[in-house]
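The block underneath contains the structure these notes are about, expressed in structure tokens.
Reminder, nothing fancy here: chain letters follow the sequence lines and each chain counts from 1.
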Amino acid sequence: MDNILEVKDIGKTFQVRSLLGRVKGGVSAVDRVSFSLGAQGTLGIVGESGCGKSTLARLLMRLIEPDAGEVNYRGRNVLDLSGASLKEVRRQLQMVFQNPYSSIDPKMSVLNNVAFSLWANGVSRQQARKTAYEYLDAVGLSRTHADRMPGSLSGGQRQRVAIARALVLKPEIVIADEAVSALDKSVQAQVLNLFQDLKKEFALSLIFISHDLHVVEYMSDEVMVMYLGRVVEKGPTERIFNHPAHPYTRALLASAPSLEVDRAAGSGAPALSGDLPSPLNPPSGCRFRTRCPMATERCAMETPELTAVGPGHQAACLLLKESLTA
Amino acid sequence: ACGNGNTAGSDAGASAGGASSGSGKEQKLIIGMSAANIPVPDTYPTEGFEGMRFVGYQLYDALVNWDLSDPDQPAALKPGLAESWETSEADPTLWTFHLRQNATFHDGTPFNADAVIFGLDRIMKTDFEYYDAQIAGNSGSGLRYVDSYEKVDDFTVTVKTKGVYSFLLYDLTGILFGSPDAIKTSGKDYANHPVGTGPFKFVSMKLGQELVMAKNESYWGGAPKLDQVILRPISDSSARLAALQAGEIDWAEVPPTESIPQLKNAGFQIMTNPYPHVWPYVLNVQDGPWKDVKVRQAANYAIDREGMSAALLNGAATPATQPMYSGHEWYSEDGEPYTYDPEKAKQLLAEAGYPNGFSTTFIVPTSGSGNMWPIQMNEYVQKNLKAVGIDVKIESIEWQSLLSSYVQGFPKDKEVGAYNISLPTISPSFYSTFFATSAIFPNGINIGGYSNAELDDLIGKAMAEFDVVKQSEYLKQASAILADDAPWIYVVHDLNLRALSPKVKGFVQPQSWFADLSTVSIQ
Amino acid sequence: MSELLTIDELMTEFSIQRRSVPAVRGVSLQVRKGKTLVILGESGSGKSVMLRSILNLKPPGARIAGSIKLAGEELLTKSPREMEQIRGNRIAMIFQDALSALDPLYRVGDQIAETIVAHRKVGRAEAKRQVADLLGKVGIPSPEERMRAFPHEMSGGMRQRAVIAMALSCRPDLLLADEPTTALDVTIQAQILRLFKDIQAEYGMSIVLVTHDIGVAAEMADDIAVMYAGKIVEYGRARQILSAPAHPYTVGLIEATPRRGQKGKLPAIPGQPPLITAMPEGCSFASRCPVARESCREGTPSFTRYGEAHEAACYLLEEEQPIAQ
Amino acid sequence: MTIHATTARDAASLRPISREPSRVLLIWRAFSRRRSALIALAVLTVIVFSCVLAPWVAPYGPSEGEVTDRLMKIGSAGHLLGTDEQGRDILSRILYGGRLSLLSGVLPVLLSSLIGGALGVIAGYFGGWTNTVIMRSLDIVFSFPAILLAIGISAALGPGITNIIISATVVFIPPVARIAESAAKEVRKEEYIEAARSSGAGAGLIIRSHVFRNIFSKVFVFSTSQIGVCLMVASGLSFLGLGVSPPTPEWGFMLNNLKQLIFVNPMVTIVPGVFIFLTSLSLNLVSDALSDALEIKR
Amino acid sequence: MASFVLKRLALMIPTLLGVSIIVFLMLKIVPGDPVNSIVAPDASEAERAVVRTQLGLDKPIVAQYGIWLGRVVQGNLGDSVTRRLPVTELLLPALKNTVILTAASAAAAFVIALVIGVYSAYRPASRIAALFNGLSLASIGLPNFWVALILIGIFSVTLGWLPSSGMSTVGGGGGGDLIKHLILPTAATALSSVGVLTRMVRSTVAGILQQDHIFALQAKGVRRTTILAHVLRNGMPTILNVTGLQFGALLASSVLVETVFSWPGIGQVIYQAIGQRDFPVVQAGVLVIAVAFVLLNLLVDAIHAAMDPRVRHA
Ligand SMILES: Nc1ncnc2c1ncn2[C@@H]1O[C@H](COP(=O)(O)OP(=O)(O)OP(=O)(O)O)[C@@H](O)[C@H]1O
Ligand SMILES: Nc1ncnc2c1ncn2[C@@H]1O[C@H](COP(=O)(O)OP(=O)(O)OP(=O)(O)O)[C@@H](O)[C@H]1O
Ligand SMILES: [Mg+2]
Ligand SMILES: [Mg+2]
């Protein structure tokens, strides 16, 4: 499996300004994140709210400009491109957003919402509509839906429209940023199935962002766990879920409620105490140390790097290194 | 009955007029002015002629005053702070004024030649310590012909004019004298503590609200009957009417003409009298259709002056066919008698080569003192002219803008046939400023460019003539020419409408802009 | 009597565009003393409306009918004054979104004290002390300081703790919690759920917990009521429902949730729930039900009882047809 | 392309939703549920139509009449609403005058909505410096109380209906721009804008096809509510003598002319006032109902 | 809090500068020469030129602006051309009078709107609310100068209850007298604001009543008065904000009402000064009003910040 997307050390710090426009500080939203995405593979990204998942997605799309790093799509650094060639590459990366109520334009018909992407790329109105019909069909929306305004669609249907809109440009990579989080469980399953089907149908590579561990596990081949803008662990799904290396990953898994009737809350590893620290002023060293049940003094001094803990499996924890070297 | 009104505690009046709020005790007159603010009581008050009327001539005197006692003839000049004057036979440009010896300022300082020189220096001598540029700007035109002046003795002053100029006395009515002491001590603040020689003394003022004046017991012309005169600025005519009807004021300047019958019925006194003032259109006679005297006469024949005066203005104006009104000594019986004769107008137009009429633009004011009800009146004229084929487009602008634009002459970039402007005609210099060839724009404000050698000659003669009767004769002839030549469309003379509460007694409506409050009393 | 709260044929109608639209359509339930009832259902199924109806909280124009008995006392006939005495005192409520449930302009401590002062005859100082106690109890560090914070100055988990402290302030018999963890991250959710368990153990109160997350239900519930389109479709002991669901909807819901290690296709429930303004005839689930028949589109299925405390409303169960899993 | 994913079948079995009525019809339904709004709309329609059709429906010409017939009472034979100070039929003048009055109420709002809307959208969409420059400049204009600004502009440009329209337009730009700006800012945050950007659409296209559409109803509702206000500002300016040239009738101008008569012949004076009032009330009622129908909270 | 206000003040400076430039330029493009309102109509060009120089009108525009601004910053607003008084002496009393009238109107409008608005938000379906809604809409549609005249006609001329003009009885004064004179102008001025404010209060309060924390309050079992207090406090920033804007509108519309009631306020002074091309007065007057408006908004912001911790800490 060859990689079609290689991301190297990408980072973004948002400047926070005061009323008078002075820079008060920076939110390190994404910090030196690297990963690669195999052709037709699915990379799952999990993490708590505010850990930089969406920012990462937007950086890949160049919806916001990164401070550092590279995004290599089929060997070309997207960040170096501009103008027509950027537009060309951008078509290959499309995104499906979280909120079904804001992800499609409520004042445009369903069909035009989908066709818009094509107009923006210079396709004639007529042709765009025709193509849009086909894609709506592909996501399971009939012609009767096509002429309606989104107001009368349910959340699940809206997400289908959003997916159709992303696909209509024939991208190679689709980034789904919490695309099912807002949906009801019964509908969520429909959309997850749709993703699976379309992925095969269109030979897509998928970056699947979610805070729901079960969903990520179900969807992904590889998983990347983020905490406060940094990658703490990544590797094949099975390994991550069955042999989590990083204390944070373990805590996440333990916290997720399961369907096993008799498992009492927090009966696995101890649930994490405390809250996420402010990203404006992240902890020194290992960012997780303030909530880590095993943290030592060293964790405050040194920033852990990702190190291999198994085949294709890396984690960023000083304690692991110790246990490995020991 | 008025006589004992002055004495405090007249119990006879109290029972009779309980409702008239102790008028027997206090002689207080409240005047609703049409100005939006109270006039600043310096020696040249603000708010135009209304300021002069209610503040200037109440607080101050000029060397020469207006005689406002006879309602049956136009106000004449009478001695003011100067008891008498003469010009020398040898040098008609040298005037000698003999000052009144019994006049004192309200602050007790005497009035004398020094005060006159001080007052004149204040507006003539730019390097004088108390020179006041603004007062000078305001009164400048009154001293335009004055070349120099000099104190002869404590009560004699001489003035030298720049040429033979018999109109000087009229000009001097606008130069008022304040107490040099007061001006020196108050400095810039003088307007808040004005001191004159007039029949009333300044008491207090609240900007925008009221100005209170009190009787000057020791007025050289005899103390007025009123104890207090209070001025209130009420610019909106309906509001003035309401205040009068509600009893908040005793005297309302120009109430809505429409209210005359109603006010009369309610017992209010409606005061009207002709006075030297005219409401005309100043025509552009230099080019365009108005160059032709026939066209100008036609327009003058086309206007239904009676309809406007009687119906539209409810009798608050009289028809005007020349600058002066019938009854004024400068009015001429020989001038063209402009009746309402549309047929004749059409005929004249046809003769002039405009059988189908023409169109033109008039610039008119939207309001302004002396303009009465300008928009309505202009609409009326517009309709009259339209009836004979003259299609008038009215461009209405605000009064001050109109004045600004008037003195800049007729616009060059567009056709304007006339300016509608209301003008006082109290001084004979009126003839020279508006009609003399020498005053044609840009040398003066004869902006229409009217020129008539015969008229110029008559004006010259009048200016050099010191005999009032002969002078009037020249001016009368000038009036006749102005009627025949019709450089203006004469429309109406305003009648100086005012309404007085029934309890105001003794007021005589003079044939003048000004008003004598010293005879007024409250019953 | 082991039931603390008994709801019978509860019906809540809104007036939408001058039409009376029922959002809760005849719900009957019991809440056992000291136990947790979880109400499970999709968005819009009427969970929140039902919960608010228990406290007789309704927008203008809404109508509540049926019977709600708290320890035998009928609540629906009580006067507004009497209800004020019950709310926050005997029954407390926790709202879905802790941020919007707190008044942003008041200090958190003052908002908690408000409840105490409303129901207990205590002075300000005493109320303050109690607030600090409560905040400590729900696990907020340095409560003395934290009570002076404004809601926006607290993190999501902290706010939810504060809201819980507020609900506990009068030691209610019954705690109504409307999706108290939906807006929170999993790690925080785990903390809060544990807190619920701890306080229940300490205070012995009954809890009604609303959620759409079966995982949460599995962790928390003694009893479960599954709600669909304004009705309870299945009700019973948690263990029974989760291990052997009876109603096709419950079955679908459980299966549509991905489990650990699950691959392949998810058995999704097709379609979506009906709108309350356009309720179909018959069983409201019929149009999405994989085993529905023509007859399901008429009438209303009644409850069929399973064992000791498990019932479900489905025609097929009435006919004792096994439901294919 | 023929794909038949299984999920497509799932979706096909979605509960069929009957084809619902168009948006316009829905809005109309919600709107017409209010009786007051319907009445107001009817009144407005009658006023607007009879004014537009004045030459055909007015009993007299706008400047016809003899001064001898002046100030006839309301209900006089042949003069339903009486005659004015020149003896002209008031009803006819109201109808003719309505054309300018309505124009001076509608046109500035229309123009300011276009200009202010565009400025607001640009400021709101681009944010940053663009926003600062545009919005701060408008703040400056907004710092001048509206009527004063209008008086100032009218005084500067001279009287006349064109100048009233210009000054009223200037006066109404900042509030519209504010509405548009805040709406555009909101819209800017929506995910469909990001989606559009990621599909490669430029700012121009996004503004044209997404932003305008989505702020339209807010601006529209605000604007309709401003027509009444604008009518009043315009007539206020006319009232101060900054308006039309005679003999052209216009309501504020008529009111100004007849003002002198208010304590003499009040009924005649009241007519133009009543028309200004009726029109602006109807406009407000309509706009109010419209905003509810469009489900916009103000 | 103090730093909040200071920062806001700093942000106002560009706005104020812009305002001053507009004020200055506005008068420059007004046709008509201020000289004309000083000299006699028949004055010669030479006479005019003298006055023009005295007024500094012969300098280049930028220099005129610089000189003007420099003096303004020092509090010297110049002298009135036509009234020969320092502008401050003319404007400050007038401003005070306008503020009295405007504040009375704003306060009246605010109180009435609050009561009616809150009532109709609580009882949206009631007949009284519908009536109030109709009335407030109607009041928005009433031209206030026209209402002013009608009020005078009824209450002064016909009934004789209240004075028709001015702000004090001649020679009189005192609080009672002022209040008597205030009633009609206040009513005429406040009218349209009552409508706008009522509707705004209603929609704001209705919005707050929908919010979860109000439900939460109810669920806590606190008194209804306590809930009302929460509702009002939450609504107050919005309500005050709009009241502040209305205050500006009232300030502006005072021109019309002041004329009708001969209220010696700044509107009249400015209007008259525009007519007379009294540049210094117009410039200063408009500047003063604009600054007052900006400061008012600052005040509203400050109150908002004082009431809302989220804003304060932003
Ligand atoms: N435009 C921005 N300006 C400043 N800070 C930002 C901006 N966008 C995001 N952030 C901050 O960056 C951090 C990461 O945000 P991001 O939205 O990427 O998180 P996330 O993992 O997607 O969270 P969620 O699960 O809530 O969507 C957060 O602390 C957020 O506040
Ligand atoms: N005030 C109201 N007026 C009209 N309809 C309402 C009102 N409140 C709720 N509804 C409707 O009642 C139905 C049930 O709503 P409810 O909030 O109880 O759902 P829920 O099960 O709590 O959903 P969620 O999981 O999204 O919170 C919904 O269709 C909702 O639109
Ligand atoms: Mg995100
Ligand atoms: Mg809910």
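- Within 6.0 Å of the NZ atom in C/Lys78, the count of heavy atoms belonging to other residues, nucleotides or ligands exceeds 12.
- Scanning both residues, C/Pro80 and E/Arg224, for their nearest heavy atoms gives CB-NH2, 4.4 Å.
- Taking every heavy atom of both residues into account, E/Ala216 and C/Phe95 meet most closely at CA-CE1, 3.2 Å.
- Contact annotation: the side chain of E/Lys220 never approaches that of C/Glu84 to less than 4.5 Å [non-hydrogen atoms, C-beta and beyond].
- Contact of the E/Gln218 side chain with the C/Leu55 side chain is not registered, since no non-hydrogen atoms from C-beta on lie closer than 4.5 Å.
- If you take CG on E/Leu217 and CG on C/Leu57, they are separated by 11.0 Å, rounding to the nearest 0.5 Å.
- Between C/Tyr106 and E/His230, the closest heavy-atom pair is CE1-ND1, 3.4 Å.
- Interface remark: C/Leu176 contributes no atoms to any contact with chain E (heavy atom separation under 4.5 Å).
- Side-chain contact between E/His213 and C/Pro104 is present, with at least one heavy-atom pair separated by less than 4.5 Å.
- If you tally non-hydrogen atom pairs under 4.5 Å between each of C/Met93, C/Gln111, C/Gln85 and chain E, the highest count goes to C/Gln111.
- Residues of residues 97-108 of chain E having a heavy atom under 4.5 Å from any heavy atom of chain C: none.
- When heavy atoms are compared at a cutoff of 4.5 Å, C/Met83 does not approach chain E at all.
- Of the listed residues (E/Thr226, E/Asn234, E/Val222), the one with the most heavy-atom contacts under 4.5 Å to chain C is E/Asn234.
- Top candidate by heavy-atom pairs under 4.5 Å with chain E, chosen from C/Leu105, C/Asn89, C/Ile86, is C/Leu105.
- Distance CG/C/Asp103 to CD1/E/Ile227: 11.0 Å, rounded to 0.5 Å.
- Identified by a heavy-atom distance below 4.5 Å to chain E, the contributing residues of residues 118-138 of chain C are C/Ala118, C/His119, in residue-number order.
- Counting non-hydrogen atoms of other residues, nucleotides and ligands closer than 6.0 Å to CD of C/Glu144 gives a total of 12 or fewer.
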